[in-house]
Amino acid sequence: MPLVNGFTLLDIIKERKVIAGAFNTTNLETTIGILQAVEKTGIPTFIQVAPTNITLAGYEYLVDMVSRYAEKMDTPVALHLDHGKKFDDVRKAIRAGFTSVMIDGAAFDFEENIAFTKQAVEFAKSYGIPVEAELGAILGKEDDHVSEADAKTDPQQVREFVERTGCHMLAVSVGNVHGLEDESNIDFDLLKEINEVSPVPLVIHGGSGIPDEHIHQMVEYNVAKINIASDLRQSFIRSVGRAYEENPNEANLIKVLQKAEDSVFETVHEKILSMNSVVQK
């Protein structure tokens, strides 16, 4: 089916009582590996890309690549912009055909974050797609950007932030970290408190570093989306590295990339099943 609107995907997630993975792609092989795994499980999913990775292909190529594969799928998929740190990131993604976006104003103070987020929400409104925002700073490494900030989301700010910005999903900081270099320590008491006051579904970033048993619990706290990036990239890179170690003179690029694609498929398939405790389709 064609790429679905992010609002539609959120409705399906809520109706089916599942958690959507949000899997970061960079290139063709990673994209196909992700989408094959999504189709195998039958669980609706976000596939996403951050502006830092857009430089490899560009917004239009990413849309074309993802939408072409999604056309022959039965499982709903939305294409999401991850960590748009500039309004221009959001504008370019929406105009290229992304069906969901994130505006990341976590580095700003509360009032600046509201103003920054509201600008993106107002622009996205005319295209009819949802906007994810972030409240609270998330520790860890996101691509080449390292954040040492670890300001957990303040539950007392959540309702005001959502109501004043009009955002449709809220990424929160509750002990989750970007990347795999730091250990996650999820504060479920804080997550519960945030859920009780949030008018919108919650998003957890840094899903690669969260133990499976903690991910299982998150569906109880209105978590609709969990981001997974580092696991996939490491899976891809390690597969290519193994191919070189096994044969430094290897010249069959198709074989090497097919194995990397398969490795991504296996990682995503395992993650989706683990998140949702479902049996293989």
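Looking at heavy atoms from C-beta onward, E39 lies in side-chain contact with T75 at the 4.5 angstrom threshold. Residues F265 and K40 have side chains in contact (heavy-atom distance under 4.5 Å, counting atoms from C-beta outward). Looking only at side-chain heavy atoms (C-beta outward), P51 and L81 come within less than 4.5 Å of each other.
By the 4.0 Å N-to-carboxylate-O rule, D64 lies close enough to R68 to be salt-bridged with it. Note on E220 versus K192: no salt bridge recorded, every NZ/NE/NH1/NH2 to OD/OE distance being 4.0 Å or above. Look at R159 and E163 and you find a salt bridge, because one of the NZ, NE, NH1 or NH2 atoms lies within 4.0 Å of a carboxylate O, short of that distance. Contact check on K225 versus E132 returns a salt bridge, with a Lys/Arg side-chain nitrogen under 4.0 Å from an Asp/Glu carboxylate oxygen. R238 and E245 are not joined by a salt bridge, as no carboxylate oxygen comes within less than 4.0 angstrom of a charged side-chain nitrogen.
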### Task
Step by step, work out the side chain to side chain contact (heavy atoms under 4.5 Å, CB included) result for R16 and I43.
CA-CA 9 Å; R16 292 186 56 182; I43 302 294; 3.9 Å; yes

### Task
With ring pair (Phe, Tyr, Trp, His ring centres under 6.0 Å) as the test, would you mind laying out the steps for F46 and F23 before giving the verdict?
CA-CA 7 Å; F46 290 89; F23 298 100; over 10 Å; no

#### Entry: Test side chain to side chain contact (heavy atoms under 4.5 Å, CB included) applied to E261 and Q258, step by step
CA-CA 5 Å; E261 181 182 296; Q258 182 63 65; 3.4 Å; yes

#### Entry: Working for ring pair (Phe, Tyr, Trp, His ring centres under 6.0 Å), residues F98 and H80
CA-CA 6 Å; F98 279 59; H80 182 76; 8.5 Å; no

### Query
Under the side chain to side chain contact (heavy atoms under 4.5 Å, CB included) criterion, do V203 and I226 qualify, and how do the steps go?
CA-CA 6 Å; V203 177; I226 297 180; over 6 Å; no

### Query
Is there a side chain to side chain contact (heavy atoms under 4.5 Å, CB included) between L79 and Q48 once you walk through the steps?
CA-CA 6 Å; L79 177 58; Q48 60 185 26; 5.9 Å; no

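Screening L232, V77, T267 for a side chain to side chain contact (heavy atoms under 4.5 Å, CB included) involving I34 leaves a single residue, L232.
Under 3.5 Å, the side chains of N24 and D82 contain a donor-acceptor pair of N or O atoms. Counted by atom type alone, S198 and N195 present zero donor-acceptor pairs between their side chains at under 3.5 Å.
Contact detail for V121 and G166: the closest heavy-atom pair is CG1-O, 3.7 Å. The minimum heavy-atom distance linking I13 with A20 is given by the pair CD1-CB, 3.3 Å.
Remark: Y127 pairs with F123 by the ring-ring contact (aromatic ring centres under 6.0 Å, His included) rule, at least two apart or across chains.
The closest donor-acceptor contact from the side chain of N276 to the backbone of L273 lies at 3.5 Å or more, if one exists at all.
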